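Below is one structure, written out as structure tokens; the observations come after it.
Everything numeric in this text was worked out from a predicted model, so none of it was measured. Each chain gets a letter, A, B and so on, in the order the sequences are listed, and its residues count up from 1. Values reported hereafter were calculated over all heavy atoms of this structure, with side chains retained and with hydrogens, waters and symmetry mates removed.
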Number of protein chains: 2
Amino acid sequence: MPTIRDVAKLAGVSVATVSRVLNSSSKVSEQARTAVLKAQRELDFHLNANARTLARKDSEIIGVTVSDVSDPYFGCMVRACENAAHALGCSLLVCQGLHEAEREIAAIENLLSHHCRGMIVHALTISDEKLCDYMRRVPSMVLINRQIDAFAERCVNIDNEKGEFLAVNQLINCGHRAIAYVGSSHSIADAKQRLAGYRKALQAHQLPLSPALMVADEPSLEGGIRAARELLSRGIYFSAVAVYNDTMAAGLMAVLLEKGIAVPQDISVVGFDDLMLARCLNPPLSTITNPVEEMGEAAVRLASSLYHHDHQAAALPNFEVRFVQRRSIVAPSATRWLDRQNSLTPLDGESKATAAFRRAQALADKSRP
Amino acid sequence: MPTIRDVAKLAGVSVATVSRVLNSSSKVSEQARTAVLKAQRELDFHLNANARTLARKDSEIIGVTVSDVSDPYFGCMVRACENAAHALGCSLLVCQGLHEAEREIAAIENLLSHHCRGMIVHALTISDEKLCDYMRRVPSMVLINRQIDAFAERCVNIDNEKGEFLAVNQLINCGHRAIAYVGSSHSIADAKQRLAGYRKALQAHQLPLSPALMVADEPSLEGGIRAARELLSRGIYFSAVAVYNDTMAAGLMAVLLEKGIAVPQDISVVGFDDLMLARCLNPPLSTITNPVEEMGEAAVRLASSLYHHDHQAAALPNFEVRFVQRRSIVAPSATRWLDRQNSLTPLDGESKATAAFRRAQALADKSRP
DNA sequence: CACTGCGATGTAAACGTTTACAATTATATA
DNA sequence: TATATAATTGTAAACGTTTACATCGCAGTG
């Protein structure tokens with residue numbers, strides 16, 4: 001690998017001049033400039049980013065940790081981060097936590113050792129306390145999808161409670177009374193907040209909160225599938241279900257489809273995040289917009305501002321959540337329920353659990369006003 | 001930021017000893033070891049990865065360029081790369097090309113300047129020639145989804161032609177004769193190879209190749225939507241469609257759904273890639289497995305081996321493509337076509353294009369053996 | 001012509017590690 | 001006790017940049 005010295009020698013100038021040309025950091029004679037550029041081309045020379053970092057004390061690297069890049073939610077986030085980093089002349093270092101405590105810590109420590117200009121951290125398993133430690137230590141560290149009051153100005157967040165409230169409220173306004181909730185089994189803020197939103201919406205309409213209608217699992221397609229099976233196996237009537245996120249909702253809908261339960265005619269579904277996936281489902285999924293791209297961008301810009309002690313530019317915007325109406329929600333339909341009474345015995349290949357569910361539906365229908 | 005010198009001073013040893021402890025590179029007395037570790041904890045010290053890179057001449061960074069991390073296909077790939085990099089003690093630097101020539105070049109140059117241990121490059125717009133230049137220059141650079149014969153042993157690839165052949169062959173074996181193709185408008189190898197697979201399958205069964213049944217667009221959801229509209233607007237009969245990838249297929253299916261054309265009863269659909277998305281669609285999408293995770297992992301391992309001149313370990317495995325049967329394909333059904341004759345006039349809100357399509361369907365049905 | 005000021009360039013000291021080599025200390029052996 | 005050997009530790013020179021400071025040459029001025 002050629003170094004700046006080789007270029008200097010070939011161009012017949014000093015290393016300082018080469019550095020000046022390559023960084024356009026101060027005026028250089030046209031003559032020297034062309035000589036340097038020529039030598040650079042000839043040697044295929046690229047400044048060594050590591051050496052530069054060492055000398056400049058600025059790594060021009062933004063580090064980001066997410067659970068899993070292949071999760072579409074994080075995919076969008078990372079995309080936005082990379083774009084924002086690029087606009088700042090930075091590169092993006094990506095680490096995955098993969099839902100494991102050990103990996104999450106390793107990811108953060110890794111970013112730490114790279115002395116990143118900014119760190120965007122999404123942590124599922126790390127305690128608030130430990131996270132606070134890191135926040136104190138790294139002034140340009142920004143938390144995403146976490147709320148730690150002591151560092152509120154560095155927490156990029158949406159109002160999850162409001163979002164879920166909007167979703168469930170919409171179901172209620174459509175006429176639903178028995179509304180199940182499929183939550184995330186991770187015990188972090190956004191899971192709790194969305195659950196709180198669900199509760200609050202029920203409460204606001206004096207509807208009872210039934211633990212039998214609530215399940216939780218991993219916030220993945222598989223988690224959604226398991227959760228749906230669990231919920232149906234309980235044989236308790238519900239006409240709608242609010243789901244922690246779109247991915248889980250997709251899993252749930254796949255199970256309903258498989259069991260011959262129609263969405264939205266038999267059960268209305270609402271998700272959260274408004275991923276591309278939501279538009280692809282059949283029927284398209286009503287959901288809550290989660291401005292994840294804006295958040296990723298804002299996080300990167302905030303981190304960079306903090307790094308440069310630019311506390312003016314550093315304020316976070318407000319991130320809007322909004323209900324998006326698609327075709328996965330309709331009013332609960334009495335005629336549908338009645339139709340079903342003809343087929344209360346298990347259909348061919350239908351499991352006991354599903355049969356129980358049908359019976360429950362029919363029962364609930366009879367007891368309706 | 002504390003340095004290794006601060007730790008050495010606090011622990012009462014030399015910097016070399018600190019380095020030895022922190023790298024477990026050679027034996028150190030238990031006494032010194034604990035003193036160093038204690039000092040490290042006290043100062044919250046982390047070795048500076050940049051300085052280390054400089055001294056060691058190994059960056060422990062794997063660089064990867066993809067078009068767009070939020071594309072589920074690349075999301076899976078990057079996930080696998082990160083995982084493999086982590087297993088090698090490396091970090092992952094991610095750059096996006098975003099389908100722009102300029103950005104793609106910038107991405108590669110960026111990785112170059114970081115002197116990555118390995119580079120995994122997915123390039124859409126860069127010419128073979130230019131890519132060859134880079135390959136010559138960087139011995140541990142690996143191409144993904146590109147085939148350049150001069151560097152075949154560093155091209156991570158599937159047999160796209162075979163994959164698409166399998167897909168179309170399956171449609172034909174189901175009884176389909178009028179099979180449309182929705183391709184990618186990017187002029188790179190895999191697009192061409194998949195198209196070739198489509199052609200080959202038709203040819204193998206002596207079916208005519210009709211340009212009127214072929215469209216191409218961006219390989220995205222939106223591209224799939226546009227392509228579907230274009231195809232339907234032509235008013236030409238087809239009973240099945242093979243699509244460049246699952247994402248486009250999702251867009252196409254959304255359009256069919258919107259127009260009231262049933263999948264698979266009216267039109268069978270087959271995708272490519274076997275993304276999570278394929279399982280979420282309704283009906284679930286038949287597709288071709290694309291072992292993208294294996295490929296990402298293999299690419300990272302190959303790059304790292306090449307970096308260490310370990311040409312033994314460096315051979316690439318064979319990546320299998322396989323047809324995955326799901327419910328988006330059935331035999332073209334005559335009764336269905338006949339049913340439709342009753343509704344040949346445009347339905348309420350139905351566009352002219354769709355009506356033309358229905359008429360074409362009915363016509364094709366009549367002329368059947 | 002001497003002097004001032006300025007623009008272009010060069011020199012060399014950082015930046016924070018690793019590691020070859022030298023030096024020191026401890027242990028075993030005669 | 002002296003010596004050989006092994007184990008541990010320390011010193012200092014890299015690694016490839018940036019940049020403060022010094023130097024040089026030259027145009028403009030008195």
Side-chain angles (χ1 to χ4, degrees), chain A residues 1-37 39-40 43-61 89 91 109-117 307, chain B residues 1-37 39-40 43-61 89 91 109-117 307:
Chain A
M1 279 276 152
T3 77
I4 200 172
R5 285 198 166 72
D6 301 317
V7 179
K9 201 183 295 173
L10 185 61
V13 299
S14 73
V15 291
T17 300
V18 177
S19 173
R20 283 190 268 256
V21 171
L22 265 26
N23 293 293
S24 5
S25 53
S26 78
K27 259 198 112 41
V28 179
S29 71
E30 200 45 40
Q31 194 188 6
R33 164 180 207 73
T34 51
V36 167
L37 259 21
Q40 180 196 21
L43 297 172
D44 257 333
F45 173 74
H46 290 262
L47 280 174
N48 182 321
N50 293 291
R52 156 194 282 238
T53 294
L54 202 55
R56 282 227 198 143
K57 293 153 171 281
D58 175 5
S59 67
E60 303 196 331
I61 286 186
S91 310
E109 302 276 329
N110 185 14
L111 296 187
L112 241 32
S113 80
H114 279 278
H115 292 246
C116 297
R117 180 188 283 188
Y307 180 85
Chain B
M1 279 275 150
T3 75
I4 201 172
R5 287 200 165 70
D6 302 317
V7 179
K9 202 184 297 173
L10 186 61
V13 297
S14 74
V15 292
T17 301
V18 177
S19 173
R20 284 190 267 254
V21 171
L22 266 25
N23 292 293
S24 4
S25 54
S26 77
K27 258 199 114 38
V28 180
S29 71
E30 200 46 41
Q31 196 187 6
R33 162 177 208 75
T34 52
V36 167
L37 259 21
Q40 179 195 22
L43 296 173
D44 257 333
F45 173 74
H46 291 261
L47 280 175
N48 182 321
N50 294 291
R52 156 193 283 239
T53 294
L54 203 56
R56 282 230 199 139
K57 294 151 170 281
D58 175 7
S59 67
E60 304 196 331
I61 286 185
S91 309
E109 302 275 329
N110 185 13
L111 296 187
L112 242 33
S113 81
H114 279 278
H115 293 247
C116 297
R117 180 188 284 189
Y307 179 85

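- Looking at A:N23, its side chain never comes within 3.5 Å of a backbone N or O of A:S25 through a donor-acceptor pair.
- At C:dT18, one or more side-chain N or O atoms of B:S19 fall inside 4.0 Å of OP1 or OP2 (strictly under the cut-off).
- Listed for the A:S113 side chain is no donor-acceptor partner under 3.5 Å among the backbone atoms of B:H46.
- In this structure, B:A32 reaches the sugar-phosphate backbone alone: every heavy-atom distance under 4.0 Å involves primed, P, OP1 or OP2 atoms, never a base.
- Atom pair B:H114:NE2 and D:dG16:P shows a separation of 17 Å (rounding to whole Å applied).
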Please report the C-alpha distance between B:N50 and A:R52 in whole Å, then the side-chain angles of each, then the deciding distance to 0.1 Å, and finally whether the side chain to side chain donor-acceptor pair (under 3.5 Å) criterion is met. CA-CA 9 Å; B:N50 294 291; A:R52 156 194 282 238; over 6 Å; no
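- Straight-line distance from the CG atom of B:D58 to the P atom of D:dC15: 16 Å, rounded to whole Å.
- For D:dT9, one of the phosphate oxygens OP1 or OP2 lies less than 4.0 angstrom from a side-chain nitrogen or oxygen of B:S29.
- B:H115 comes within 4.0 angstrom of nothing in the nucleic acid, heavy atoms only.
- With rounding to whole Å, B:L47 atom CG is found 15 Å from C:dC15 atom C1'.
- With D:dT17, D:dA12, C:dG16 as the candidates, the nucleotide lying closest to the side chain of B:V15 is D:dA12.
- Each of B:S25 and A:S26 lies near DNA chain C, and the nucleotide nearest A:S26 is the one positioned closer to the 5' end.
- Put simply, NZ on B:K9 is 13 Å from P on C:dG16, counting in whole angstrom units.
- Along DNA chain D, the nucleotide closest to A:N48 and the one closest to B:R20 are compared, and the more 5′ of them pairs with B:R20.
- For B:A55, whose side chain is taken as the heavy atoms from C-beta onward, the closest listed nucleotide among D:dG16, C:dT18, D:dG10 is C:dT18.
- Taking only side-chain atoms of A:V28, from C-beta outward, the nucleotide of C:dT9, C:dG10, D:dT17 with the closest atom is C:dT9.
- The side chain of A:T17 contributes an N or O atom lying less than 4.0 Å from OP1 or OP2 of C:dG10.
- Rounding to the nearest 0.5 Å places OG of A:S91 at 3.5 Å from NE2 of B:H114.
- Taking atom CD of residue B:E30 and atom C1' of nucleotide C:dA26, one finds them 17 Å apart after rounding to whole Å.
- Between the P atom of C:dG7 and the CD atom of A:Q31 lies a distance of 18 Å, rounded to the nearest Å.
- Of the candidate nucleotides C:dT19, C:dG10, C:dG16, C:dT19 has the atom lying nearest to any side-chain atom of B:R56.
- Side-chain atoms of B:D6 come within 3.5 Å of backbone N or O of B:T3 as a donor-acceptor pair.
- Nearest approach of B:A32 to B:V13, heavy atoms of both residues: CB-CG1, 4.4 Å.
- With the nearest nucleotide of DNA chain D identified for both B:K57 and B:G12, B:G12 has the one nearer the 5' end.
- Here B:T3 lies in heavy-atom contact (under 4.0 Å) with sugar-phosphate atoms only.
- Distance from the side chain of A:F45 is smallest for D:dT17 among the nucleotides C:dA8, D:dT17, D:dT9.
- Within 4.0 Å of B:N50, counting heavy atoms only, lies no atom of the nucleic acid at all.
- Note: CG (B:L43) to P (C:dG16) measures 14 Å, nearest angstrom.
- Atom-to-atom, CD1 of B:I4 to C1' of D:dC15 comes out at 15 Å; the value is rounded to the nearest Å.
- Listed nucleotides: C:dG10, D:dG10, D:dT18. Nearest to the side chain of A:A16: C:dG10.
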